[in-house]
Amino acid sequence: MNITYACPSCERTTRSEFDETSPRLICVQCGAEQAIPAGAVSEDGVSRCLVCPSDELFLRKDFPQRLGVTIVAVGLAASCIPWYFHNWYGTFAILFATALVDVVLYLTMGDMLQCYRCQAQYRGVPGLDSHESFSLETHERHRQQQARLSQARHSVKG
Ligand SMILES: [Zn+2]
Ligand SMILES: [Zn+2]
């Protein structure tokens, strides 16, 4: 199993391998150690986030949005070539192929878990079926909580 998270010490994105026997996560960027909450990881998978540690995680496709956008951009650019030569059939063939590649990639990509609160991402975790997919309601609740927290921090400082 591995986790991609924003290190609380150096605030950079880092990735750590872990299993149910690991006592802590170690940041590959700055070496900061982060204790894994007791009982968070078992043979059945991850029950709560190892970083923040919220117990609300959602299931999503391991499909980097940037990759999807890149494929579409490349497809659009490539379709300009036959379009320039008035080859409409070629233009549409390229656009259609681009959309197809996107769909096939999406379907063949594996699943991963993501934390609503700190956006940590978990890959290679067993027992994904016990987690629900993204809920806008939960996401909104966390977003508002986060906004209240940063507001509170602001008023303490000011
Ligand atoms: Zn770090
Ligand atoms: Zn988290």
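We count ligands from 1, going down the list as the structure has it; atoms in each ligand are counted the same way.
Ring to ring, His139 and Phe134 are close: their centroids are under 6.0 angstrom apart.
Scanning both residues, Tyr5 and Pro8, for their nearest heavy atoms gives CE1-CD, 4.2 Å. Smallest separation of non-hydrogen atoms from Val125 and Met1: CA-CG, 3.9 Å.
For the atom pair CG (Leu136) and CZ (Phe58), the distance works out to 10.5 Å, reported to the nearest 0.5 Å. Separation of atoms CD1 (Ile36) and OG1 (Thr21) is listed at 8.5 Å; rounding is to 0.5 Å.
The existence of a salt bridge linking Asp62 and Arg123 is confirmed by a sub-4.0 Å separation between a basic side-chain nitrogen and an acidic carboxylate oxygen.
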Exercise for the section: Evaluate salt bridge (Lys or Arg N to Asp or Glu O under 4.0 Å) for Arg48 paired with Glu56, printing each intermediate quantity in order. Expected result: CA-CA 7 Å; Arg48 56 170 56 237; Glu56 286 179 306; over 6 Å; no
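Every residue two or more places apart in sequence or in another chain that forms a side-chain contact (heavy atoms from CB on, under 4.5 Å) with Ile81 is listed here: Phe85. Partners of Thr98 by side-chain contact (heavy atoms from CB on, under 4.5 Å), not counting sequence neighbours, listed by chain and number: Ile71, Ile94.
The set of protein atoms (N, O or S) found at less than 2.8 Å from the Zn ion (ligand 2) reads Cys49 SG, Cys52 SG, Cys115 SG, Cys118 SG, by chain and number.
Protein N/O/S atoms closer to the Zn ion (ligand 1) than 2.8 Å number 4 in this structure.
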